[in-house]
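These notes are about the structure you will find just below.
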2 protein chains.
Amino acid sequence: MSEYRTYLDLNGNPIVNTNKIKILETAIDLFSRKGYSGVSIREITREVGIKESSLYNHFASKEELLGVIFLNFRRAIGEILLPPEMLRGALKQMIAEQFLQQGVINFKAHIDDPINARIWRIVTIEQYRDPLARSILVEDIIQRTLSFLESAFALMIEQGAVKPHPPKLLAAEYQYPLFGMITEYNLQKYLDQDTSAIEQSMADHIEFFLSHVRTA
Amino acid sequence: MSEYRTYLDLNGNPIVNTNKIKILETAIDLFSRKGYSGVSIREITREVGIKESSLYNHFASKEELLGVIFLNFRRAIGEILLPPEMLRGALKQMIAEQFLQQGVINFKAHIDDPINARIWRIVTIEQYRDPLARSILVEDIIQRTLSFLESAFALMIEQGAVKPHPPKLLAAEYQYPLFGMITEYNLQKYLDQDTSAIEQSMADHIEFFLSHVRTA
DNA sequence: GTCTATACTATGATAGAC
DNA sequence: GTCTATCATAGTATAGAC
C-alpha cells in the first residue's frame, strides 16, 4: 500500500480513514487483474481484513467504489500534460526535442506509479462495459493528448522548428505509436517482464519522427 | 447470427448443431460487451432459448466455451497476413504502396466482420485475467504482424523501393500507429459512431510514412 | 467504525426423466 | 439433445448490537 498518496471521495474531500484507503487500493489491485465483475466484495474485504458489512460504511455500493477509483485517476491524469496556457512559454525555452522528451518523462513518471498503472489497466478492461471508463479513455487520455500536441506542433511550425505539415497529422503520427507502445509496456510491467526493448522502441520512434519533421 | 460461418470444436471437428452455434455466437456477443465474468450461463441460455443444463451438453464448462471462441479466433487471425513464403512473390508483382494498402484491405475485411470485431474486444478485456487471451494478443497479433512486416521491409530495401532504415524500426513505425488506431476504430464501431475520421487517419499515416521512406 | 447475523438473489454445475 | 428439479456456493446488501 502506498503510504502517502491522498485520495478524494465523491464530495472532493480527502479520505483519511486507513481502512477506507486499504479498501480502495485492494480493489484497484484486484480489479486490475480480474476485472470489476470478476472481483467480489467478499474478496476485497477478506484481503483488507474487515467484514463485508464494514465496507458499506465507506462506500454505498460496489459501483461507487469503482467510481471513486476513477475519480482519483482523472486527477492523476490531469497532471501528465502541461496546462495549455503554459505551452507557449515552455516552447520558448526548449527546443522541440527537449519538449517531446520531457513529455515522455512526465508520462513515464505517471505510468511507473504502480497504482496509476493498475487503474490504466482497469480502464482498458472496462471500456466496453462502463461509460465512465470509456470517457476517461477517449476524452481524458486520447482526445486531450492529441489536441494538446496539435497545439504544440502548430506553435513549433510557427517558430520554424518543424516542417509545415498539418499539426493534426503531426500529433497523430507522433502520439498513436506511443499509445500502442504504452499498451505493450503496461502489459509487460504487469507480467514482470523486461521492458527495455519497448522503451527503446519509444525512443527510436521519437528520433525517427523528429529526423523527418524538424527543420534543423 | 451469421448463417454460413463454420466453427471448429476443441478436437478440430466442425460444429454442426444449430443450438451449439447459437450458444457460441450469443456468448461472443455478451462477453464482448460485459466481459467473461460479467456474463452468466443463465443469461446466455436465456437468450438462446434453452435451459442452463442443455448448455453443458455442448460445453463442459463456461471456461471451455471461452476456449472454443478463442480457438476459432486464432484460425480467423491466421488469414489476415500472407503466408511468409508468398511474401517475395507478392512484392515482385506490387509496388510498396500497393502491398501496404492491400494489407490494410485484408485487415479491414477481418475486423469489419462483426464476430471478429467482438472477439477482438473480448481479447482486449480478458488480456490480464486470461493467459490464452494474452497469448493471442501478444503472439498472434502483435509479434506475428511485426515480424511479418520486418521481413517485408527487408525485402523492399533489397529491391531498392525503400530507404535503408533498420527493417525492425520501419515495421514498428508503420504498425504501432495502426494498432492504436484500430483500437479506436473498434471502440467507435462498438458505439455505432462514425469511423471516417479514424479511417482517414490510417490512410494519412500510410501516406506520411511512405513519403518519408520510399526511394521514388 | 466494526462486528454478528441474516436476507435474498444469482451463480456454475449435476442427476435423471423423456 | 432438451427438459425439470435440485444443489451448494457465492453474490450484493441491510439491520441492529457494541
Rounded distance (Å) that lies between atom [atom2] of [N] and atom [atom1] of [X]:
X: B:Lys22; N: D:dG1; atom1: NZ; atom2: P; result: 15 Å
X: A:Lys51; N: C:dT4; atom1: NZ; atom2: P; result: 5 Å
X: B:His58; N: C:dG12; atom1: NE2; atom2: P; result: 17 Å
X: A:Ile50; N: C:dG1; atom1: CD1; atom2: C1'; result: 9 Å

Where at least one partner belongs to residues 75-86 of chain A, residue pairs that pass salt bridge (Lys or Arg N to Asp or Glu O under 4.0 Å), sequence neighbours excluded =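 Residue pairs passing salt bridge (Lys or Arg N to Asp or Glu O under 4.0 Å), neighbours aside: none found.
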Salt bridge (Lys or Arg N to Asp or Glu O under 4.0 Å): which pairs involve residues 106-116 of chain A, sequence neighbours left out?
->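 Residue pairs passing salt bridge (Lys or Arg N to Asp or Glu O under 4.0 Å), neighbours aside: A:Arg5-A:Asp113, A:Lys108-A:Asp112, A:Lys108-A:Glu199, A:Asp112-A:Lys189.
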Ring center gap for A:Phe107 and A:Trp120 short of 6.0 angstrom =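 They qualify: ring centres under 6.0 Å apart.
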Residues in side chain to side chain donor-acceptor pair (under 3.5 Å) contact with [X], at least two apart in sequence or another chain:
X: A:Glu97; result: A:Arg214
X: A:Asp130; result: none
X: B:Arg129; result: B:Glu126

Between B:Asn17 and D:dG1, is there a side-chain N or O to OP1/OP2 distance below 4.0 Å?
->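 Checking D:dG1 against B:Asn17, a side-chain N or O does come within under 4.0 Å of OP1 or OP2.
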Do nucleotides 7-18 of chain D as a string where each nucleotide becomes B, S or -: B if the base has a protein heavy atom under 4.0 Å, S if just the sugar-phosphate does, - if no protein is that close.
-> ----BBBBB---
